[in-house]
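Note that the structure is predicted; figures quoted are calculated from it, not measured. In listed order, ligands and their atoms are each counted from 1.
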Amino acid sequence: HRRPSRRSGAGLVAAGGLSSLASVVESQQFDRPMLEELFEVAREMERITEDGSECKILAGKVMGTLFYEPSTRTRLSFETAMCRLGGKVVSTENAREFSSVAKGETLEDTIRTLEQYVDVVVLRHFQAGSARIAADAASVPLISAGDGPGQHPTQALLDIYTIQKEIGRVDDTKVALVGDLANGRTARSLAYILSKFRNVKLYFVAPDVARINEDIKEHLTECGCEWEEVDNLQSVASEVDVLYQTRIQKERYGDRPEDYEKAQGKFIVDEDLMRLMKQDAVVMHPLPRVGEITPQVDADPRAAYFRQAKNGLYIRMALLATLLKGK
Ligand code: CP
């Protein structure tokens, strides 16, 4: 017996292109109509969350979260999303140590086992390409929560949702991606998805040891998306609508600590930089930060990074509802 919900759930789930979604492994899976559908569902999720409505559309469903790398936002927002939709969660954090992976089990076998218990798997893994391998092995929907330095597609979805909410458009924007662009999967996924919008100019601002990879530049050029690599953040700060700062990913510099030291602290968003920025621009960051945005910036209304993290809940609610109910 299910408790009656104040909303039936009908109307929460997109119909059309998005409903054919089987798994989420890379941001370029989403075209603009799919994004519009997803954002419509996310806005509804935001409304029901904000007004405290009870929603049980995923009652009876179970989500398994399998995290081989640390996470605060992605895992907890996915788990919160499932709870808010009436579903249940089983979870393995630090899967390398606390799952049978520690005994030598392969990723494919782990996925084939987990799918015996759950209706959807959310996977964070340390290897680029692992999300695709897992999705191919899975017979239930698999959502990548980040695969090493590869991609973080749900982050890109919430980032685009945030840009749309904060500045009212994604077309006709100038966006600076700043920081560890070589290892940062969020920047890679965001660049891919931004290439689907009109008249977007991307500035890549990275230390020499962390420059954006060629595959992204080639993709943008093929799409006709304008991009430029610059080494001076101040020179673009006054031009951009979105400044997307990222962390230098210390964990990816294991055998190159000297490169990490060179990169860390090179580009900082502080009050001086904020004075150069437009009044209607926003500063975003996938978080966590480790000094690349000073705490004094937090009080500036243009600092959107915690609102961005909150949008992750709505986007992940929308994705779960779509994947588990959309068909
Ligand atoms: N943005 C992001 O992926 O944060 P977590 O690593 O805390 O999940």
Identify, with sequence neighbours excluded, every residue that meets ring pair (Phe, Tyr, Trp, His ring centres under 6.0 Å) alongside His152.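 Counting only residues at least two positions away or on another chain, His152 forms no ring pair (Phe, Tyr, Trp, His ring centres under 6.0 Å).
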Residue and atom name of the nearest protein heavy atom (relative to [atom]), distance in Å to one decimal:
{"atom": "atom 1 (N) of ligand 1", "result": "Pro286 O, 2.8 Å"}
{"atom": "atom 4 (O) of ligand 1", "result": "Arg73 NE, 3.1 Å"}
{"atom": "atom 6 (O) of ligand 1", "result": "Arg124 NH1, 2.9 Å"}
{"atom": "atom 7 (O) of ligand 1", "result": "Thr72 N, 2.8 Å"}

Any N or O of His152 closer than 3.5 Å to N or O of ligand 1: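 It does: an N or O of His152 is found under 3.5 Å from an N or O of ligand 1.
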Please say which of Val101, Leu114, Val90 ends up in a side chain to side chain contact (heavy atoms under 4.5 Å, CB included) with Leu66.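 Option passing the side chain to side chain contact (heavy atoms under 4.5 Å, CB included) with Leu66: Leu114.
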Which word best sums up how the rings of His285 and Tyr305 line up, parallel for under 30°, tilted for 30 to 60°, or perpendicular for over 60°?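 Taking Tyr305 first and then His285, their aromatic rings stand perpendicular (interplane angle over 60°).
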Please determine whether side-chain hydrogen bond (donor to acceptor under 3.5 Å, both in side chains) holds for the pair Tyr314 and Glu50, giving the CA-CA distance in whole Å, both sets of side-chain angles, and the decisive distance to 0.1 Å. CA-CA 10 Å; Tyr314 309 132; Glu50 292 300 310; 2.7 Å; yes
For atom 2 (C) of ligand 1, which of Thr74, Leu76, Leu158 has the closest heavy atom?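 Among Thr74, Leu76, Leu158, the closest heavy atom to atom 2 (C) of ligand 1 comes from Thr74.
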Answer yes if the side chains of Thr162 and Lys165 hold a donor-acceptor pair under 3.5 Å, and no otherwise.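 No, because no side-chain N or O of Thr162 sits under 3.5 Å from a partner of the opposite role on Lys165.
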Residue pairs passing the side-chain hydrogen bond (donor to acceptor under 3.5 Å, both in side chains) test where at least one lies in residues 134-145, sequence neighbours excluded: Glu115-Ser139
With heavy atoms of Gln155 as the reference, note each atom of ligand 1 found under 4.0 Å away. 1 (N), 2 (C)
Within reach of ligand 1, part of Leu287 (heavy-atom separation under 4.0 Å):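 Contact part for Leu287 vs ligand 1: backbone (N, CA, C, O).
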Within 45° of the six-membered ring axis of Phe126 and under 6.0 Å from that ring's centre, is NZ or CZ of Arg96 located there?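 Yes, a cation-pi geometry holds between Arg96 and Phe126.
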Taking the non-hydrogen atoms of Glu69, is any one of them nearer than 4.0 angstrom to ligand 1?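 False for this residue.
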